[in-house]
Amino acid sequence: MHNITFKTLSPQSQTPLSTSRPLNIAVAGTGYVGLVSGVCMAHRGHYVTCVDINEKKITMMQQGLSPIYEQDLEELMSLNEERLNYTTDYKYAYKNADAIFIGVGTPEQPDGSANLSYIATVARQIAETVEKDCLVVVKSTVPVGTNDKVEQFIKDFLVNDIKVEVASNPEFLAQGTAVRDTLEAARIIIGTNSIEAEDTLMAVYEPFGLPIVSVSRRSAEMIKYAANDFLALKISYMNDIANLCELVGADIEDVARGMGFDCRIGSKFLNAGIGYGGSCFPKDTKALDYLATLHGYELRTVKAAINVNNDQKILLYKKACQRLITFAGLKVAVLGLTFKPGTDDLREAPSLDNIPLLLAQGADIYAYDPVGSENFRKRFPETSSEIEGEYGKGSINYVRSAEAALDGANVCFIFTEWGEIKAVMPEDYKRLMRTPLVYDGRNIYDVNKMRKNGVEYYSIGRK
Ligand code: UGA
């Protein structure tokens, strides 16, 4: 029995498995999708080589360190080290692989479409390298029809006389719970256009012991967007209702609780707040909208989700502007910088929308985040209010605790519901701040408790 324990995993997921059909798998890209999938496939008995062009990342992983902040990942890398390899040498990884998973990024382009250049690069490398029949599995989120193009592209550039097929296997992991979401997924979607491809993916996933939904490649590609956009829509819907709740004197938390009991609605993803962020919902809503437009169709529901979210992200800032004459010379505490807890990822985080606005108004910001400050500092270096910076006369300082941010502050914004931030008690705001004025984008506190403790408290969808 191994002596590593995993915080997020059930007893069944703790132990590595051996499978009667272990495959040689290569994974292109070691971001959240690629690395977590690769490590989890090794945990389920396959031999996995993770490939990345970034030598620094590969060296880290060879030393047993994860280049991304993710619960349980490093422990799982260590437990399965004999079945895991990390390399920048894609030729070595691809040439004899049974299956090659592509998990590289598909970032948003200025027009909202997905940038497929990283996928194309990997596809070309595969075509020029593979020496035996193999299955290429696209895990990255790609517009419907991309798998067909990838297959044709590989065929066009294939050097050896072998058979390469492409399958779609979208990923449903969320950052912060990525390992658990992979090993204990609600379902695995496989999209194939042949029995052979389906059989290979079955061999990959049988040892996971999870429900497998086998569909065509195009349907699999669509399931990913449809699922993400539905969740984004659910959040925007709740935010829309929350804004109305405030106007009519209802409470969004009570409303969500009442709705959630209906299993047709479900109780998850009903939390109103400061809008969704991250590397997925904002990108995938825009990409599907773009795809629809390309086909001459207007995807009105998804468009609405995008519009509500854009407004929601700066709603509290706007409320604060109504309350205060100016932010110039005010000490502003910012609690939470990442788009959600459990990750150091800042992509599309509401903090990125609000902090430039506050700086432009001359605020002196004291920001606290348990893990996100270093990344934030790269975009917004610590500044002094003496010098006019890119965003005006404000300044930004990074502090090591919520208390340090709140000490003497005139106003506080809460952007992320980290445990360390939730641990701040209502009375602490009153005790530490110069004026206890709090704008909470995550509805962390009980409205009455904050009021009783003398805090002027604004949140989302509650009076
Ligand atoms: C999301 C999906 O949840 C995953 O299933 C999917 O695989 C992933 O995108 C992806 O496509 O790769 P992620 O972006 O990591 O995962 O994070 P979520 O936990 O879904 O949160 C996204 C945003 O929605 C966060 O900003 C969060 O604060 C916000 N949110 C979530 C709400 O505002 N309210 C809620 O009730 C839930």
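Order of appearance sets the numbers: ligands from 1, and atoms from 1 within every ligand. Source: prediction; values computed, not measured.
Those atoms of ligand 1 with a heavy atom of Leu173 less than 4.0 angstrom away are 4 (C), 6 (C), 7 (O), 8 (C), 10 (C), 12 (O). In summary, the atoms of ligand 1 found under 4.0 Å from a heavy atom of Glu171, numbered by their order in the structure, are 7 (O). If you number the atoms of ligand 1 from 1 as listed, the ones under 4.0 Å from a heavy atom of Asn228 come out as 2 (C), 6 (C), 9 (O), 10 (C), 11 (O). When each atom of ligand 1 is checked for a heavy atom of Arg442 under 4.0 Å away, the hits are 28 (O), 33 (O).
Between Lys224 and ligand 1 there is a heavy-atom distance shorter than 4.0 Å. Ligand 1 is never approached by Lys268 to a heavy-atom distance shorter than 4.0 Å. Not a single heavy atom of Gly278 sits closer than 4.0 Å to an atom of ligand 1.
Residues passing the ring-ring contact (aromatic ring centres under 6.0 Å, His included) test with Tyr90, sequence neighbours excluded: Tyr94.
Sorted by first and then second residue, the ring-ring contact (aromatic ring centres under 6.0 Å, His included) pairs involving residues 258-285 (not counting sequence neighbours) are Tyr276-Phe281.
Cation-pi geometry between Arg187 and Phe172 is satisfied (NZ or CZ under 6.0 Å from the ring centre, within 45° of the ring normal). The cationic atom of Lys319 (NZ for Lys, CZ for Arg) does not lie both less than 6.0 Å from the six-membered ring centre of Tyr439 and within 45° of the ring axis.
Proximity annotation for atom 29 (C) of ligand 1: of Ile235, Asp284, Ile460, Ile235 comes nearest, heavy atoms only.
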